[in-house]
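Have a look at this one before I ask anything.
We number each residue from 1, following the sequence as shown. Since the model is a prediction, treat every value here as computed from it, not as a measurement.
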Amino acid sequence: MWNFLARNKQVAAMLGLLAAAAVVVIFLATRGRSHVVVEQFLVETEDVSEDPYIFSAHSLPSDDRFMPSIGNGHLATNVFSDTVYMNGLYNGRKGESRRARIPAWANIRLNSTLTNHPYSPVYSLDTKHGVFQVTVDRDRSIVTQRIYAHRYYTRSIVNQIKVEPKSHTDPNFVHHQIWIAIKQMPGPDSKDIDFEAPTPEVIDEMLVWKACGKTKEVEDPAYQGLPEKVCAYWSSVPDHLVVPHIRSRVITFLMTADKNETVARQEFIKILQEDGDELFEKHVEQWGKLYRQGGLEIEGNLQLAKIVNGIWYYFLSALPSEESHFPLDRYYGLSPTGLARGGTFDDYEGHNFWDTEMWMFPPILLIYPQYARKLLQYRLDNAYVAAELARITGNKGYRFPWESAYTGSEVTQPCCPEVAEFEQHISACIAFAARQYLSVTRDEDWLKHGGCSIVTNIADFWASRAVIKFSTGLYDIANVMGPDEDHSNVTNSVFTNVVAGYSLYLAQYVACLCKSYYMAKNPDHWADIAWSLALPYDKTLDYHPQFEGYKRGEAIKQADAVLLGFPLQYPMNISTRINDLTYYESVTRGNGPAMTWSMHTIGQLQIQDNLRAATLFNRSYEGYVREPFKVWSEQRRPKVGAVNFHTGMGGFLQTLMFGYGGIRIHLDRLEITQPQLPPEATKFRIKDIKYLGAKLTLDIRISQTTLTVASVDDNWPLMMNNGKYNVTLVPGMIVTLKGTGPFTIRTIPWKHCKLPLDTIGNNYLRPID
């Protein structure tokens with residue numbers, strides 16, 4: 001993303017590394033001369049757990065940036081940090097907008113006398129139960145600290161200290177009290193929120209503190225009239241706990257925060273009335289409901305299984321709870337670094353980019369379509385702002401900003417005006433996400449409540465951007481930037497033109513679906529423009545130049561033209577696909593983001609070069625996942641970039657689901673092609689794929705591949721071609737997939753609307769049926 005400050009960011013990252021580096025000296029002897037090679041690297045703590053859902057270590061990362069996060073979609077924090085962030089709470093004018101920091105009154109630490117010699121604490125992130133734990137086994141007791149953002153009481157972050165006395169066989173043993181020293185570490189005052197001085201209050205005979213304040217600066221005065229108010233309540237924390245050596249006890253400390261003071265206070269009171277263990281079990285129950293909805297399971301490769309489980313944990317921690325004690329506020333999107341980060345430039349300030357729709361959205365869609373709709377709803381909520389941006393830039397329809405946050409207006413940093421001006425493909429990427437959503441759900445309610453409008457208005461934008469060039473008979477789109485931010489202000493970016501063409505075709509299709517309740521003017525005109533959009537293609541070299549005038553050999557930042565093959569699935573000869581993959585791999589920067597290698601992996605699997613695919617698959621994560629808590633970095637070691645990089649995580653999940661799983665989403669069908677095991681795995685399961693209301697589980701093993709049908713929606717009966725016969729899918733059925741496919745799942749036509757042509761680059765009239 002912000003490539004224009006890449007050099008400065010790298011310098012800052014290296015300085016941080018040098019401060020925390022370990023030095024390894026390797027002696028090499030060649031031809032009688034001794035050479036000393038000094039390599040500096042960041043020592044990462046080992047994960048000692050054998051459980052695929054639990055990441056454990058005997059020490060914390062030396063770099064605090066690689067601490068894990070806890071969150072519930074409303075509140076989030078990095079464990080032991082001095083910062084809490086809230087969904088939809090930002091401070092700063094336009095490009096300076098960032099997540100507003102709330103002091104971490106929930107940050108409670110066990111005293112160092114418990115976590116140092118002679119005791120050996122175990123620090124664990126339990127991704128299945130959504131909790132971070134510190135366990136200290138002492139002479140007379142076991143002390144466990146549990147830290148979690150409650151999944152049902154969503155305004156709260158909970159700290160619980162459980163003390164379990166050890167029994168003694170000595171009859172003369174005197175049951176002394178157990179003392180535990182603790183410390184609250186909320187950090188400095190917030191620079192984003194003007195909090196009033198904390199005030200004490202007694203609630204249910206307990207001393208409680210409260211602070212309310214307002215953000216210091218609105219994001220955009222045109223769309224935000226007043227600063228946001230926020231209130232927090234938190235427990236008074238003593239400097240030590242005294243527990244009788246009789247039976248186990250759980251001591252609960254909590255912090256609640258919300259924009260509504262009453263909600264924050266009432267939730268605090270409600271939690272005080274809960275038994276400590278029951279409070280935790282209610283949280284665990286909500287996480288259990290999420291995991292029972294589906295996911296990815298891997299056997300035979302523990303590290304890979306852990307990485308996948310970590311990704312889903314971090315994704316779900318940033319997405320809103322499905323059940324909540326109080327109704328939830330509207331959701332403000334999934335940022336590249338989730339909800340627990342976003343206060344700095346390096347962490348992308350909690351802004352929303354194309355990352356959401358192109359990288360994180362697809363895997364979420366297949367397992368949690370309800371969350372996919374929430375991600376689209378963020379765009380719908382800000383559609384009126386996109387309409388104004390289109391108008392002031394001389395266009396029609398909806399032009400979504402490159403970066404958006406609270407108001408939906410453009411909030412790209414002042415450093416980087418080029419990305420805000422030229423990376424207009426984000427609007428088409430939003431339409432592409434809508435296309436995938438409709439393909440998987442056929443959600444008519446979504447169409448009626450904004451879907452028809454957003455799709456057709458994005459098409460209007462691209463129709464106003466495309467200009468006919470009479471010498472070629474093709475439409476050009478000038479002054480754009482594709483995903484490769486090393487090249488700006490280009491004409492006919494091949495990625496931009498294809499995804500814009502798809503958005504134009506989709507509008508024609510949606511106009512048919514919506515015609516009984518939404519009127520679109522001349523939808524065939526959108527298809528005419530799409531049909532004749534310029535498509536850069538070199539016949540001699542049989543590949544797609546990245547844009548008009550691209551010079552062979554020029555380095556690029558990340559995957560761009562190769563995205564035509566996937567995720568766009570643009571039709572092309574296999575030789576063209578091979579040439580695109582081979583050439584662009586050779587000119588892509590080595591320090592680019594992980595998603596590039598994820599997409600190259602999928603491409604190599606598509607052309608059946610499995611050996612090369614395995615190499616690139618390893619490259620897509622090995623340099624980016626930081627131990628022991630499986631936190632992703634934007635850049636490969638030793639560089640860092642943004643931390644807990646959800647964008648890279650999303651690309652990696654796509655490699656597994658669409659690459660090794662072989663799943664392809666189309667408007668009229670779901671395909672499974674060449675399903676196979678990931679490297680070193682003995683079993684790979686994609687559990688409860690959601691397709692048109694059905695639940696399907698794909699099991700890939702060494703011996704065979706099967707598709708199990710858990711349920712089918714009566715409105716959309718499914719027929720599958722298993723490579724030989726057409727089979728009607730019914731609940732309880734297990735279909736064996738023999739060969740490489742494609743295995744195609746179809747249903748009845750949707751309103752008998754004609755599917756779009758989805759091809760561009762034609763300088764003759766579009767055929768009319």
* **Spatial distance of atom CD1 (I760) from atom OH (Y570) [nearest 0.5 Å]** => 5.0 Å

* **Cation-pi geometry met for K469 and Y475 (6.0 Å, 45°)** => no

* To do: Would you check if the distance from the ring center of F652 to the ring center of F617 is below 6.0 Å?
  => yes

* Have H544 and Q546 got a donor and an acceptor in their side chains that come within less than 3.5 Å? -> no

* Asked: In terms of the angle between their ring planes, are Y348 and F645 parallel, tilted or perpendicular, with boundaries placed at 30° and 60°?
  -> tilted

* Can you check whether W462 and H425 have ring centres sitting under 6.0 Å from each other? -> no

* Asked: Does the side-chain contact (heavy atoms from CB on, under 4.5 Å) test come out yes or no for I700 and L698, once each step is laid out?
  -> CA-CA 7 Å; I700 305 171; L698 180 65; 4.1 Å; yes

* Decide yes or no on side-chain contact (heavy atoms from CB on, under 4.5 Å) for K724 and K738, but give the supporting numbers first. => CA-CA 9 Å; K724 191 174 182 180; K738 296 181 179 180; over 6 Å; no

* **Side-chain touch W750/D668, heavy atoms, less than 4.5 angstrom** => no

* D699 and R685 ion-paired at < 4.0 Å -> yes

* Using modelled atom types only, decide if a donor and an acceptor are shared between the side chain of T393 and the backbone of L389 within a distance under 3.5 Å. => yes

* To do: Report yes or no: is the cationic atom of R435 (NZ for Lys, CZ for Arg) closer than 6.0 Å to the six-membered ring centre of Y502, at no more than 45° off its axis?
  => yes

* **Test: R552 cationic atom under 6.0 Å from Y543 six-membered ring centre, within 45° of axis** => yes

* To do: Determine the interplanar angle of the Y550 and F547 rings, folded into 0 to 90°, and report it as parallel if under 30°, tilted if 30 to 60°, perpendicular if over 60°.
  => perpendicular

* Worked check of side chain to side chain donor-acceptor pair (under 3.5 Å) between T456 and Y518 -> CA-CA 10 Å; T456 54; Y518 181 86; 2.9 Å; yes

* Heavy atoms, side chains only, cut-off 4.5 Å: are T655 and Y621 in contact? -> no

* Asked: Taking NZ, NE, NH1 and NH2 as the nitrogens, is one of them in K557 or D484 under 4.0 Å from a carboxylate oxygen of the other?
  -> no

* Asked: If we only count heavy atoms from C-beta on, is the F461 to K396 side-chain gap below 4.5 Å?
  -> no

* Any side-chain heavy-atom pair from W354 and I430 closer than 4.5 angstrom? -> no

* **Sidechain N-carboxylate O distance under 4.0 Å for E554, K551** => no

* Asked: Do N610 and Q604 have a side chain donor and acceptor closer than 3.5 Å?
  -> no

* Tell me yes or no: between the side chains of D542 and Y537, is some donor less than 3.5 Å from an acceptor? => yes

* **Contact check, side chains of T744 and M720, non-hydrogen atoms, under 4.5 Å** => no

* Going through the checks in order, is the side chain to side chain donor-acceptor pair (under 3.5 Å) test met by D443 and Y437? -> CA-CA 8 Å; D443 187 346; Y437 180 74; 2.5 Å; yes

* To do: Supply the atom-to-atom distance S488 OG to E418 CD, rounded to the nearest 0.5 angstrom.
  => 5.5 Å

* Within 45 degrees of the axis of the six-membered ring of W531 and under 6.0 Å from its centre: does R766 put its NZ or CZ there? -> no

* Is it true that atom CE of M719 has more than 12 heavy atoms of other residues, nucleotides or ligands lying nearer than 6.0 Å? -> yes

* **Derivation of the side chain to side chain donor-acceptor pair (under 3.5 Å) call for R577 and Q606** => CA-CA 9 Å; R577 178 70 165 140; Q606 181 184 3; 2.9 Å; yes

* Between N352 and E403, is any side-chain donor less than 3.5 angstrom from a side-chain acceptor? -> no

* Starting from the C-alpha separation in whole Å, work towards a yes-or-no answer on side-chain contact (heavy atoms from CB on, under 4.5 Å) for L533 and L474. => CA-CA 6 Å; L533 274 177; L474 298 170; over 6 Å; no

* To do: Apply the test side-chain contact (heavy atoms from CB on, under 4.5 Å) to residues L696 and K690: give CA-CA distance (whole Å), side-chain angles for both, the deciding distance (0.1 Å), then the verdict.
  => CA-CA 7 Å; L696 313 170; K690 313 302 188 301; over 6 Å; no

* Does the ring centre of F566 sit less than 6.0 Å away from the ring centre of F658? -> yes

* Asked: Is R465 salt-bridged to D460, cutoff N-O under 4.0 Å?
  -> no

* Are side-chain N/O atoms of Y691 and T441 paired as donor and acceptor at under 3.5 Å? -> no

* What residue among T759, V498, N497 forms side-chain contact (heavy atoms from CB on, under 4.5 Å) with L535? -> V498

* K751/E444 salt bridge by N-O under 4.0 Å criterion -> yes

